[in-house]
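Heads up, the thing below is written out as structure tokens.
Basis for what follows: all heavy atoms, side chains included, without hydrogens, waters or symmetry-related copies. This is a predicted model, so every value here is computed, not measured.
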Amino acid sequence: MAGRNSLNWSNVAHGLSYNSRHPAECARRLLQELNIHALPIQPQNIAKKLEIVIWERDMESQYDGCLMRVGDTWGILINTQIQSQSRKRFTIAHELGHYHLDREATGDRRCRGGELGFFNARGPEEQRANQFAVELLMPSPFFQEDAENLPNVGLAAIDALSARYATSLTSTAIRYTRLSPHNCAIVFSENRQIKYFAYSDDFRRNSDCYLVKNKPLHPEALASSLADTSLNETRDKRGKVPLSCWCPAKSDRLIIEHSRFLPRINKVVSFLWIPQD
């Protein structure tokens with residue numbers, strides 16, 4: 001399938017409800033109001049249209065960004081220590097979320113790097129800013145359509161979407177899985193332990209599918225063999241494993257696991273998929 005490079009809001013506008021307090025709906029409405037059509041979405045350009053100044057400066061390492069106000073002027077400060085362009089883009093989108101959702105209540109706000117993640121955001125304001133950022137960069141009506149039209153399921157599809165939307169593999173994988181019509185999950189492990197995960201609605205509804213944070217990886221899981229990279233040159237494995245390798249279930253049903261070692265963050269990402277019989 002040829003990659004999408006534009007957003008046609010006329011096809012979805014009438015199907016969108018709008019609640020000015022809902023982060024995702026607020027992000028979609030902003031894209032429409034600013035007439036944003038090109039992919040990948042550039043949060044820097046959105047900030048410019050809103051007359052929000054962006055600049056980079058050395059900050060304490062635990063902070064990724066900051067929303068600031070000087071008089072009547074708003075600005076977004078980005079930590080120069082951030083090397084990843086996708087992380088910079090997400091940080092700007094996150095701070096735009098604070099600007100739209102709670103700037104009158106909170107004023108200046110520094111955001112720790114961990115708070116920009118999906119699983120360790122501290123407080124409802126940070127979670128809402130994350131939701132805004134995700135929808136701004138990967139608007140669900142288009143992202144879901146693109147995902148469903150791709151010929152592959154799993155990490156190959158996530159790679160394609162990550163390139164198309166210029167988002168990190170981590171954020172794209174979580175978005176892809178949560179919106180997926182398949183019975184699937186995405187798992188991130190470190191030091192042979194499950195650190196965090198996300199799953200589709202079908203996976204959540206399946207009583208045999210239950211993931212446990214900090215649970216040691218099963219030795220038969222493909223991810224386990226990728227954990228020690230000093231002993232393994234192969235950094236990508238795909239195959240069938242029993243469901244019981246991942247979930248505390250008695251079922252020995254075979255599932256498809258596709259695991260990959262990510263050296264930049266020193267974690268293994270695993271896509272788990274239970275195809276329909």
Mind jotting down which residue pairs meet the side-chain hydrogen bond (donor to acceptor under 3.5 Å, both in side chains) criterion with at least one end in residues 47-58? Sequence neighbours excluded, please. Glu56-Lys88, Asp58-Thr80

Which word best sums up how the rings of His100 and Phe132 line up, parallel for under 30°, tilted for 30 to 60°, or perpendicular for over 60°? parallel

Using atom types as modelled and distance alone, determine if a side-chain donor or acceptor of Arg87 lies under 3.5 Å from a backbone N or O of Ile82. no

Derivation and outcome, side chain to side chain contact (heavy atoms under 4.5 Å, CB included), residues Glu135 and Cys26: CA-CA 9 Å; Glu135 189 68 31; Cys26 183; over 6 Å; no

So His98 and His94, would you call those rings parallel, tilted or perpendicular, with 30° and 60° as cut-offs? perpendicular

Can you tell if the side chain of Leu211 reaches within under 4.5 Å of the side chain of Cys247, non-hydrogen atoms only? yes

State whether a side-chain donor-acceptor pair under 3.5 Å links Ser168 with Thr170. no

Side chain to side chain, Phe90 and Asn130, heavy atoms closer than 4.5 Å: yes

Say whether, by atom type as modelled, one donor and one acceptor occur between the side chain of Glu257 and the main chain of Ser270 under 3.5 angstrom. no

With a cut-off of 6.0 Å (strictly less than), are more than 12 heavy atoms of other residues, nucleotides or ligands near CZ of Arg264? no

Side chain to side chain, Trp74 and Leu67, heavy atoms closer than 4.5 Å: yes

Can you find a pair of side-chain heavy atoms, one from Leu39 and one from Tyr165, that are under 4.5 Å apart? yes

Can you confirm whether Pro23 sits close enough to Arg128 that some side-chain heavy atom of one is under 4.5 Å from a side-chain heavy atom of the other? yes

Under 4.5 Å between side-chain heavy atoms, counting indirect links through other Ile/Leu/Val/Met/Phe/Trp/Tyr residues: same cluster for Ile186 and Ile265 or not? yes

Are the side chain of Tyr199 and the backbone N or O of Thr177 linked by a donor-acceptor pair below 3.5 Å? no

Check for a donor-acceptor pair, side chain of Arg69 on one end and backbone N or O of Gly71 on the other, with a separation under 3.5 Å. yes

Backbone N/O of Ile158 and side chain of Ser162: donor-acceptor pair under 3.5 Å: no

Please determine whether salt bridge (charged side-chain N to carboxylate O under 4.0 Å, His left out) holds for the pair Arg253 and Asp208, giving the CA-CA distance in whole Å, both sets of side-chain angles, and the decisive distance to 0.1 Å. CA-CA 10 Å; Arg253 178 178 182 178; Asp208 286 331; over 6 Å; no

Within the distance-only criterion (no hydrogens, no angle test), does the side chain of Ser224 pair as donor or acceptor with the backbone N or O of Leu217 below 3.5 angstrom? no

Quick one: does Ser200's side chain have a donor or acceptor within less than 3.5 Å of a partner on Arg178's backbone? no

Given 3.5 Å as the limit, does a donor-acceptor pair link the side chain of Trp9 with the main chain of Ile36, or not? yes

Is there side-chain contact between Ile255 and Lys240, with at least one heavy-atom pair below 4.5 Å? no

